[in-house]
Amino acid sequence: MAWESRSGLQYFYRSYRTPDGRVRKEYFGNGARAECAAARDAERQREKRRDEEAIVAFCVEVSDADLLLTSFGQRCSLLLEATLVANGYHKHRGEWRRRGCQGRPKKTRV
Amino acid sequence: MSGTTKEDSRLTEEQRAAIARKIQHVNQVLARARTGDETILPELRKLLDEEPKLWTEVADLAECTIFAWAKLISGKNLLMREAIVRDFWARTATLISRKAGPMERMLGQQVALCRLQLLHAESVLAQSANDAFTKKADVVDKRITACQKRLSRAHKDLLAYQRSQGITAVTVATKSAEGGLDPAQRAAADLNAASNRSSNPSPSPADSLRKQKETAETGTQTTDLPLKPPVAGTQGVVTSENNLEQSCTPNDSIFTSRDVDDLTTQGAVEDAEEKTTKRDADQRTKQLAK
């Protein structure tokens, strides 16, 4: 998306990638159509930048709390594992089972 | 936990370093336990029993985390911040048993924190729907999925621990929407339930269900427990671990494991429903005859 110089005049081209991977350029000339397309593209780019900034701001905003929660979760997992292992449990395909206990434990169903 | 101030639970840097070393040691012991080395078990038990500061540190971390989330969600609104913190403690209390140890309390806090994280992500998504940030909405959407997974995992951990300790977490919607029972009311409910049990040792599940249905339909309370009547539209009985998330609202009360045992078989539930339907039909016939 750029204005390109051709024999001393500015012409607007919009480049895009086709599904087969090739880059194509669309010609808009240097008149009102070109101005309009350039304005539209600039607006789109601003929106994109704003969007990215919003994402970064959101990530920064939640990063502290997220970090604390992750750390707390890790401690919880570690201590849970330690406690259950100490009580004679082991992990079988993501499920805690008591040693010597076959099959899934019965679930209460109401 | 809620009674202690934040300053009380603060640890010095030295203590933190010592705890970090201890946790590393636990990690090493667990790594050996994972390989099937059962000789490590006595050492592991000793480590957990003799290190109360491990739990203190985690409790401290939980407190920091809840304050961080409350601050993040409420912003400058201090009232909301306080409400979030109180709601967090109330929610944790509904998830764990009454005589919960540090481990169960910690896992309950983890569930409540994960839920808070999910709610925050959902509120951000709702806000970004009003904005024109489409990519942000996508990012938040992915975050919600991750939060849901984390919440589910936290629930599973809590249930695994409760199962290992013989605690059955069952919640029954038997109270009004105004709020949960306070400790005094809960103690009174316990006493009343205990006295009822001694006079009538095994109340059938069908009776319990019938009473709940009657209460839901007529608005009059026939239950033996001194609990407030349920609100129309609230769930009756929920025990499955899949829908525990839906069931664990602060308005629900935790029943004792004995009450749970009474409500175990699917057949009994069906019987209860059948009886209720039959009784309703009889009542209608009588009314028509009149």
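All chains are named by letter (A, B, ...) in the order of the sequence lines, taking the proteins before the strands, and each is independently numbered beginning at 1.
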Might you point out which heavy atoms bring [X] and [Y] nearest each other, and give the distance in Å?
X: A:Ala54; Y: B:Lys136; value: CB-CD, 3.9 Å
X: A:Phe72; Y: B:Gln109; value: CZ-OE1, 4.0 Å
X: B:Cys64; Y: A:Leu68; value: O-CD1, 3.9 Å
X: B:Gln110; Y: A:Cys76; value: OE1-CB, 3.6 Å

Heavy-atom contact with chain A under 4.5 Å, split by part of B:Met103: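 Contact with chain A: side chain only.
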Checking B:Gln117 against chain A: side chain, backbone, both or neither under 4.5 Å from a heavy atom?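 Looking at B:Gln117, just its side chain touches chain A.
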Lys/Arg-Asp/Glu bridge criterion (N-O < 4.0 Å) met for B:Arg143, A:Asp66: yes
Could you check B:Leu61 against A:Gln74 for side-chain contact (heavy atoms from CB on, under 4.5 Å), going step by step and ending with a plain yes or no? CA-CA 11 Å; B:Leu61 191 59; A:Gln74 282 170 353; over 6 Å; no
Close side-chain approach of A:Glu81 to B:Asp157, heavy-atom, < 4.5 Å: no
A side-chain contact here means heavy atoms from C-beta on lying under 4.5 Å apart; do B:Ser164 and A:Tyr89 qualify? yes
Distance, nearest 0.5 Å, that separates [atom1] of [X] from [atom2] of [Y]:
X: A:Leu84; Y: B:Tyr161; atom1: CG; atom2: OH; answer: 8.0 Å
X: B:Asp138; Y: A:Ile55; atom1: CG; atom2: CD1; answer: 8.0 Å
X: A:Glu95; Y: B:Arg163; atom1: CD; atom2: CZ; answer: 7.0 Å

At a 4.5 Å cut-off on heavy atoms, which part of A:Lys48 comes close to chain B: side chain, backbone, both, or neither? side chain
Check the surroundings of atom CZ in A:Arg24: do more than 12 heavy atoms from other residues, nucleotides or ligands lie under 6.0 Å from it? no
Could you please spell out the steps behind the side-chain contact (heavy atoms from CB on, under 4.5 Å) verdict for B:Lys156 and A:Trp96? CA-CA 10 Å; B:Lys156 274 184 186 169; A:Trp96 284 104; over 6 Å; no
Among the options A:Ser71, A:Ala65, A:Cys59, pick out the one with the most heavy-atom pairs lying under 4.5 Å from chain B.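 Most heavy-atom pairs within the cutoff with chain B belong to A:Ala65.
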